[in-house]
Amino acid sequence: MDRKALEKEQLSLARKVLLEDKFGDLRLVAGADLTFLDIWKNPTEGLAAFVIVDFKTGRIVEENIISGIVDFPYIPTFLAYRELPLLLKGFENLKNKADIYIIDGQGIAHPRGLGIASHFGVVLDVPSIGVAKSLLFGRYREPDPRRFTPLYSKHSGEIIGWVIRPSKGKKMLFVSPGHKVSVNTSLKIVLEFLRRKWEIPTFLAHNLLQRERRRRLYG
DNA sequence: GCGACAG
DNA sequence: ATCTTGTCGC
Ligand SMILES: [Mg+2]
């Protein structure tokens with residue numbers, strides 16, 4: 001499948017994205033991320049982790065790691081074709097099902113409106129949010145520490161997400177809705193984690209993976 | 001044609 | 001994404 005075909009598939013799936021809150025009370029919030037044992041090899045073994053947090057207490061309800069072979073290369077705007085397969089495998093392996101899934105990457109803040117978080121949400125038909133550590137698409141004004149600014153589409157000028165500066169010295173967060181959640185609610189949910197000084201679930205998943213990776217490579 | 005470019 | 005501890009600055 002060439003780039004053009006994948007772009008058409010993304011545009012097709014993007015039409016299914018729903019930017020309205022389609023969930024009841026938020027009890028469990030999941031965070032997901034991936035790591036790779038050898039980033040210099042192309043078919044390489046990847047690890048996907050999901051960490052599920054109780055949104056009322058902040059307690060970790062489940063930590064789940066699965067592994068598998070990843071062969072698709074990283075190409076900007078096509079991240080899902082590299083990371084989604086393992087995320088789907090990890091999702092199926094979960095004991096608990098979360099009310100919303102936060103994925104490391106963009107939601108609708110993508111040239112064709114389908115970042116990995118949206119792709120994940122549409123395919124599984126579950127609410128999702130994208131929290132990225134850098135910009136892929138859109139324009140914004142840098143927020144002051146502990147403030148946030150809107151992220152505008154370079155196509156329509158509409159607000160497609162938010163840029164949050166957790167605190168001075170910390171890197172900015174690029175938040176955008178994935179699926180079945182509104183632009184405003186996606187911001188509220190992430191801000192709530194920050195307000196309560198809880199680690200964002202995607203970072204919990206990332207940290208868990210680093211420990212697991214070092215364990216497999218060294219002692 | 002040039003610059004931008006999640007992980 | 002990963003390689004890496006101490007160190008400089010507020
Ligand atoms: Mg990641």
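Every chain is numbered from 1, with letters handed out A, B, ... down the list of sequences.
- Residue-level contact check: Lys133(A) touches the backbone only, with heavy atoms under 4.0 Å from sugar-phosphate atoms and none from bases.
- Here the range on DNA chain B touched by chain A, meaning any atom under 4.0 Å from one of its heavy atoms, is dC5(B) to dG7(B).
- Between Glu212(A) and Arg216(A) there is a salt bridge, with a side-chain nitrogen of the basic residue lying less than 4.0 Å from a carboxylate oxygen of the acidic one.
- Atom pair Leu86(A):CG and dA1(C):C1' shows a separation of 14 Å (rounding to whole Å applied).
- Summarising the geometry, the separation between CG on Leu34(A) and C1' on dT2(C) is reported as 14 Å, rounded to the nearest angstrom.
- Summary of the strand contacts: Lys168(A) and Thr35(A) both lie near DNA chain C, and taking for each the nucleotide with the nearest heavy atom, the more 5' one is attributed to Thr35(A).
- Across the protein-nucleic acid pair, Glu45(A) atom CD and dA1(C) atom P stand 18 Å apart, rounded to whole Å.
- Two rings, from Phe55(A) and Phe193(A), have their centers less than 6.0 Å apart.
- Taking the six-membered ring wherever Trp is involved, the centroid distance between the rings of Tyr101(A) and Phe120(A) falls below 6.0 Å.
- His206(A) comes within contact range of the sugar-phosphate backbone alone, with a heavy-atom separation under 4.0 Å but no base atom that close.
- A donor-acceptor pair shorter than 3.5 Å cannot be found between the side chains of Gln10(A) and Tyr81(A).
- At a threshold of 4.0 angstrom between heavy atoms, the contacts of Tyr81(A) with the nucleic acid are absent.
- A donor-acceptor contact closer than 3.5 angstrom is absent between the side chains of Asp33(A) and Thr202(A).
- The cationic group of Arg112(A) lies under 6.0 Å from the six-membered ring centre of Phe78(A) and within 45° of the ring axis, placing it in a cation-pi geometry.
- Distances shorter than 4.0 Å separate some side-chain N or O of Arg213(A) from OP1 or OP2 on dC3(C).
- Residue contacts for Ile116(A): at a heavy-atom cut-off of 4.0 Å it reaches a base atom on one of the strands shown.
- Backbone-only contact: Asp33(A) has heavy atoms under 4.0 Å from sugar-phosphate atoms and none from a base.
- Cluster annotation: Phe36(A) and Ile66(A) are assigned to the same hydrophobic cluster (Ile/Leu/Val/Met/Phe/Trp/Tyr, side-chain heavy-atom contacts under 4.5 Å, transitive).
- If you measure from atom CG of Leu209(A) to atom P of dA1(C), you get 10 Å, rounded to the nearest angstrom.
- The distance between atom CD of Gln210(A) and atom P of dC3(C), rounded to the nearest whole Å, is 7 Å.
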